[in-house]
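Starting from 1, each residue takes its place in the sequence as its number.
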Amino acid sequence: MISGRPVEDWLRSHPLLRELMALHETSWFNPALQPAARALADCALGEADVDEAARRLQRFAPWVARVFPETAPRQGLIESPLRRLPAMREALRERYGAPHHGELWVKLDSHLPISGSIKARGGIHEVLQHAEGLALAAGLLRMEDDYARLADAPARELFASHRIAVASTGNLGLSIGIVGAALGFQVSVHMSADAREWKKRLLRERGVRVVEHAGDYGAAVREGRDEAAADPRCHFVDDENSRQLFLGYAVAARRLRSQLDEAGVRVDAEHPLWVHLPCGVGGAPGGVAFGLKLAFGDAVHCLFAEPTHSPCMLLGVYTGLHDAVCVQDFGIDNRTVADGLAVGRASALVGRTVQYLVDGYCTVDDAELLALLALLDRSEGLRLEPSALAGFAACTRVPDSARAATHLAWATGGGMVPEAEMRAYLDAANQPRPRPASAR
């Protein structure tokens, strides 16, 4: 029984569920999509909240530049480049036979400083927000101060008496662990069975306590939340429900607007932009999509892409159940090479916030993610982790009316993947496999 109804009843009323259960590549465009102004008016968050997150990141820029020298050339700004991909566009046309006429770009959050993934946005923002609150309350900081002082002994002693905990499939844990430890916090990262060993090793090298779980992401969240609840000095970063994570991601959209302007890319009703976002629990793509709608209104269209084995956001929005359903309820195993997207239950906050803002959802087979990883390497010399390739698959799933639009794939991770790990991905991609079954 799912929400009081037997599975067969759900299959009759929601026929696409059969394709999801069969692990077929699937596309679904949202019939409940609303004009941006109307959908944004119904959201609990707004432009002022994103403004405050942006100001906080700016206040912390001196500390970031001091503690992470790689950010000093940009005065502590944590931002990624935008890159045009003409060779990959042609490679996708050849592979899929899709007559794309618009340009293809990539947003390289895979190469964000500090932790090499999109999680460096939301994860770092939440840790900084928590640190700021503690320092202000303790009288160690005023908002007009130079925040570089938080690298000094008094602040570090304060933070050392507090703990931060998070559950992660990998990349969120990296961002929380690296910046939390740099501030001086005691940090625990609860890693699900999907997490890669190199990410655990990197965290331990930074002095982070890594707690390994045999279960999936949901199990790691439950245990991490329980542990934090028992300690009043422990802040739990809740990827399923965090406003601060969501707002950290949303800041990316206004920065993208400036980058597109500098690149001469117009975005308006006559020149639409389609943005293709890999999706796990939903926080990162949801926050980015929210920010994009604030920045571009109806001129931007968002498509979320998930592994066929972990389609939690599509499942939640399609059924209207959001976090009240998980992929395992329908016999889907949540086991995927895309470790960053290996989530069985979508965020309650995100699903309800963006359900009328996101144009569509699609699923991608693991073998196709690896094939695209190799294709991007051959065509552009760009290497990403498998999760980050989901957005490139989504580029080929758009309606015919969007073929000539500008398309942007959001590369969510991969800049820190060790060479041996990347070679293993490429070797796996070179194994001959048939194209997966699709329902489009």
Side-chain angles (χ1 to χ4, degrees), residues 2-3 10 14 16-17 19-21 23 26-30 32-33 39 43-45 118-119 122-123 166-172 192 194 215-222 224-225 237-247 249-250 276-290 302-336 338-364 387 390-391 394 410 412:
I2 300 168
S3 193
W10 282 103
H14 294 74
L16 193 67
L17 290 173
E19 301 298 333
L20 295 180
M21 292 173 69
L23 305 180
T26 304
S27 300
W28 178 71
F29 288 88
N30 187 2
L33 182 72
C43 293
L45 299 171
I118 192 172
K119 301 299 186 177
V166 65
S168 174
T169 60
N171 286 341
L172 181 64
S192 64
D194 315 280
D216 68 2
Y217 171 78
V221 169
R222 288 191 294 274
R225 188 181 286 126
V237 179
D238 191 342
D239 200 12
E240 295 182 337
N241 298 292
S242 172
R243 291 164 54 104
Q244 297 306 326
L245 287 177
F246 187 86
L247 292 170
Y249 301 126
H276 308 283
L277 293 146
C279 181
V281 74
V288 171
F290 175 75
C302 298
L303 190 58
F304 285 8
E306 301 175 280
T308 55
H309 289 256
S310 305
C312 66
M313 186 61 71
L314 170 52
L315 180 65
V317 175
Y318 176 59
T319 60
L321 295 175
H322 300 292
D323 63 316
V325 66
C326 66
V327 300
Q328 292 92 338
D329 290 337
F330 285 94
I332 304 170
D333 62 14
N334 193 33
R335 296 177 182 172
T336 172
D339 57 289
L341 310 182
V343 179
R345 189 183 304 273
S347 162
L349 169 69
V350 174
R352 289 176 172 82
T353 299
V354 305
Q355 61 183 324
Y356 304 120
L357 291 171
V358 177
D359 287 67
Y361 305 80
C362 67
T363 64
V364 190
S387 299
W410 210 287
T412 49

Any side-chain heavy-atom pair of [X] and [Y] under 4.5 Å:
| X | Y | value |
| --- | --- | --- |
| Tyr361 | Val317 | yes |
| Thr319 | Leu17 | yes |
| Leu16 | Thr26 | yes |
| Phe290 | Val350 | no |
| Leu20 | Leu314 | yes |
| Trp410 | Ile118 | yes |

For [X] and [Y], work out which heavy atoms get closest and say how close.
| X | Y | answer |
| --- | --- | --- |
| Gly286 | Val354 | O-CG1, 3.7 Å |
| Val364 | Ala390 | CG2-O, 4.2 Å |
| Cys362 | Ser27 | CB-OG, 3.8 Å |
| Gly280 | Leu341 | N-CD2, 3.7 Å |

Nearest 0.5 angstrom please: [X] [atom1] to [Y] [atom2], how far?
| X | Y | atom1 | atom2 | result |
| --- | --- | --- | --- | --- |
| His309 | Ile332 | NE2 | CD1 | 9.5 Å |
| Cys312 | His322 | SG | NE2 | 12.5 Å |
| Ser168 | Lys119 | OG | NZ | 7.5 Å |
| Leu315 | Leu321 | CG | CG | 7.5 Å |
| Leu172 | Asp239 | CG | CG | 5.0 Å |
| Asp329 | Trp10 | CG | CH2 | 10.5 Å |

Exercise. According to the interplanar angle, ranging from 0 to 90°, do the rings of Trp28 and Tyr318 count as parallel (below 30°), tilted (30 to 60°) or perpendicular (above 60°)?
Worked result: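 Correct class here is perpendicular.
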
Exercise. Excluding sequence neighbours, so at least two apart, what forms side-chain contact (heavy atoms from CB on, under 4.5 Å) with Pro285?
Worked result: Leu277, Cys279, Phe304

Give a yes or no on whether the backbone of [Y] and the side-chain of [X] come within a donor-acceptor separation of less than 3.5 Å.
| X | Y | result |
| --- | --- | --- |
| Thr363 | Pro311 | no |
| Asn334 | Val343 | yes |
| Ser387 | Gly340 | yes |
| Asn30 | Gln355 | yes |
| Glu306 | Met313 | yes |

For this session: Say whether Asp216 and Gln328, considering side chains only, have a donor N or O and an acceptor N or O under 3.5 Å apart.
Result: yes

Exercise. Strictly by modelled atom types, are Thr169 and Asp339 linked by a side-chain donor-acceptor pair under 3.5 Å?
Worked result: no

Exercise. So Arg345 and Val327, side-chain contact (heavy atoms from CB on, under 4.5 Å) or not? Walk me through it.
Worked result: CA-CA 7 Å; Arg345 189 183 304 273; Val327 300; over 6 Å; no

Exercise. Between Glu240 and Arg225, is there a salt bridge with N-O shorter than 4.0 Å?
Worked result: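 A salt bridge links Arg225 with Glu240.
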
